[in-house]
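This report refers to the structure that appears directly beneath it.
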Amino acid sequence: MRWTRAFIPTLKEDPADAEVVSHRLMVRAGLLRQVARGIYSYLPLCQRVILKIDEIVRQELERIGAIELMLPILHPAELWRETGRWDLYGPLMMRLADRHDRQYALGPTHEEVVTDLVRHEVRSYRQLPLSLYQIQTKFRDEIRPRFGVMRGREFTMKDAYSFHADEVSLDATYGEFREAYSRIFTRCGLAFRDVEASAGEIGGDVNHEFMVLVDTGESVVFSCPSCGYAASSGRAEAARVAHEPPAGRDAKPLEEVATPGKTTVEEVSELLARDPSEFVKTLLFQMDGRTVAVLVRGDREIDEEKLGRALAVDRVEMAGSERVREVTGADVGFAGPHGLPKDVRVVADYSLAGRGNLVAGANRTGFHVTGLEIGRDVEPEDWIDAVRLVGGDPCPRCGTALDETRGIEVGHIFKLGTKYSEPMGATFLDEDGTQKPFLMGCYGLGITRVVAAAIEQNHDENGIVWPTAIAPYEVEIIPLNMDSARVVEAAERIYEECRAEGLEALLDDRADRAGSKFADADLVGIPWRIVVGDRGLESGMVEVARRSARKDMARFSPEEAVQHVRANVIRERRGGASEPKSG
RNA sequence: CGGGGCGUGGCGCAGUCUGGUAGCGCACCUGCUUUGGGAGCAGGGGGUCGCCGGUUCGAAUCCGGCCGCCCCGACCA
């Protein structure tokens, strides 16, 4: 391709509305333009990258026997009503009505649609297992789209769904997808990590996220440097310690102290000169119509996702200030665990286990209590793990201090079981002659997110450094002076030869000066570069350089240059370990 | 939705406080010179100052409303 025909609108300056590197570079290098909040046009260079990632995904999924198909984007409401998700999914789903006022959604995910297809077409266990996938645009009306393509409202996703007659088969396929994902991300040049995760809206219990570890990532990952345990923040477990009641200890009596106007742990901590870790934070939640008091150590936070899972409820909400007043008889900020109404369920987080002589709200406006003992003054119905971990917390498996890192979630795989097949009546006839609901798995991979993640991990101060396997072009030919007939002629010949050798070549045939061509070449990040100038041609030479190591420039004759690049590109095309990594 | 910020040629910004002829850099067009890391000179084109309303002799500037975009929190591939 010739640059003058390629539509690569590069920018000299950083766009004002882009914060993270990948977003900035995608806009500057002419890959991306915003149309509206969370909605983008992918320009030709970006489309080439996407197609390469698609191809890697296809190869690896075909390899494990998954079959590509295309499901509709427009989904009738009835299908979503069958699983109850028409209401559950909430405002995250883009909805619209047709001319007959029938309701539709723009598909945010496709469990209902594939399950509908399979229940109509698959009758027997003999047709199982079955893995179907598509690469398609998804729509989610995100609360806050951000970081460019990282969280868009419209984005490209590869989603796969597997159907099984039994657990053994589901487990096997789940494992195959897990391996396929590892191969895909490795080939895309990503350093990633798969971690235990929480299932969110999709459902199912066993699931893993694939995280690309970068500081700008939106997700938080905890990993154990010694035993290999790794989990995302909504899933990561705290070490569980049994609580010992105060009997053997020399416990102090429960006493009220005046703390007028001091409603936060920090304020009371300062007033009483007690460390926040000696406090009980009493948080009131509303779940399934019931009020639950959740007790957590004063210096820690509750993770609502973990809380919901620990108590097996779909939705947890903080209780409103009126409800708090009703339950505690005090203003917000003075809730304590003791003497709450009997209909309030009290649960304690393990962060409080083993703690005594605690400070808590007195359930009386303007007062707190000291000397509180769990087991004496309050008996929690359950001990649960709902705390939000922080780096340095002990590993739940081996006790080593956990590392906290940030990551971009590029893939998420789930064992769904019969969560969708059962309500939708999707059954098959098993070997023993009985109708059974399909066991299902589902496997998501954010294609456009992979593009952003790849840039986050492969760039320098001058621009993108594409891994060859997903680079928009493999080699860029730069004639330094378009007014020099022999430079142009040599560059054209090299360009033609590259193409004849099957290399994806970009010829910068713009009449610009050398400096701006180099700057754009760095920005756009094509892995190999052949520079043609009068100076070198004097002695019949051109220069070959890698984008990732510009200093290692080498001189070759034009023919040798093409062969040198070709040999390297062929080796690098498949991606993976041979790629040097930066960032 | 809560909190913070921004909206002025294609891009990046100044001008707004203190109302008075819309400006700078880059990009773009023409010509000459230049040609190995974002060239120089000369000439030129392009802006309802986000939108609607108000105040005023006069509004980019003051007031009110609306819209859009970015950042921080809950959501997720």
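Every chain is numbered from 1, with letters handed out A, B, ... down the list of sequences. All figures in this text were calculated on a predicted structure; none of them were measured in a lab.
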Sugar-phosphate only, base, or nothing, as touched by Ala36(A) at under 4.0 Å among non-hydrogen atoms: sugar-phosphate
Separation of C76(B) C1' from Asp159(A) CG (nearest whole Å): 14 Å
Residue closer to the 5' end of RNA chain B, Asp14(A) versus Gly152(A) (nearest nucleotide): Asp14(A)
Sugar-phosphate only, base, or nothing, as touched by Phe147(A) at under 4.0 Å among non-hydrogen atoms: sugar-phosphate
Inter-nucleotide C1' distance (U16(B), C62(B)), Å rounded: 10 Å
G7(B) pairs with, by Watson-Crick or G-U criteria that keep both distances under 3.5 Å: C67(B)
Donor-acceptor pair (no angle test) under 3.5 Å: Arg529(A) side chain, G36(B) base: no
Residue met sooner reading RNA chain B from 5', once Asn481(A) and Glu142(A) are mapped to nucleotides: Asn481(A)
Check: C75(B) base within 3.5 Å donor-acceptor of Arg151(A) side chain: yes
Presence of Arg37(A) side-chain N/O under 4.0 Å of C70(B) phosphate oxygens OP1/OP2: yes
Residue-phosphate contact under 4.0 Å: Arg144(A) side-chain N/O, G73(B) OP1/OP2: yes
Length of the CG-P vector between Asp520(A) and A27(B), whole Å: 12 Å
ring centroid sep under 5.5 Å plus plane angle under 30, Phe518(A) with G38(B): no
Distance below 4.0 Å between Gln34(A) side-chain N/O and C70(B) OP1 or OP2: yes
Sugar-phosphate, base or nothing in reach of Gly533(A), heavy atoms under 4.0 Å: base
Integer-rounded Å distance: A77(B) P and Leu92(A) CG: 10 Å
Complementary nucleotide of C17(B), counting Watson-Crick and G-U pairs under 3.5 Å: none
Touch class at under 4.0 angstrom, heavy-atom based, for Arg33(A) against every strand present: nothing
N or O in side chain of Arg28(A) less than 4.0 angstrom from C11(B) OP1/OP2: no
Touch class at under 4.0 angstrom, heavy-atom based, for Ala519(A) against every strand present: base
Sugar-phosphate, base or nothing in reach of Met150(A), heavy atoms under 4.0 Å: base
Aromatic ring pairing Tyr443(A)/Phe177(A), orientation class (parallel under 30°, perpendicular over 60°, tilted between): parallel
Distance-only donor-acceptor test (3.5 Å): side chain Arg449(A), base C76(B): yes
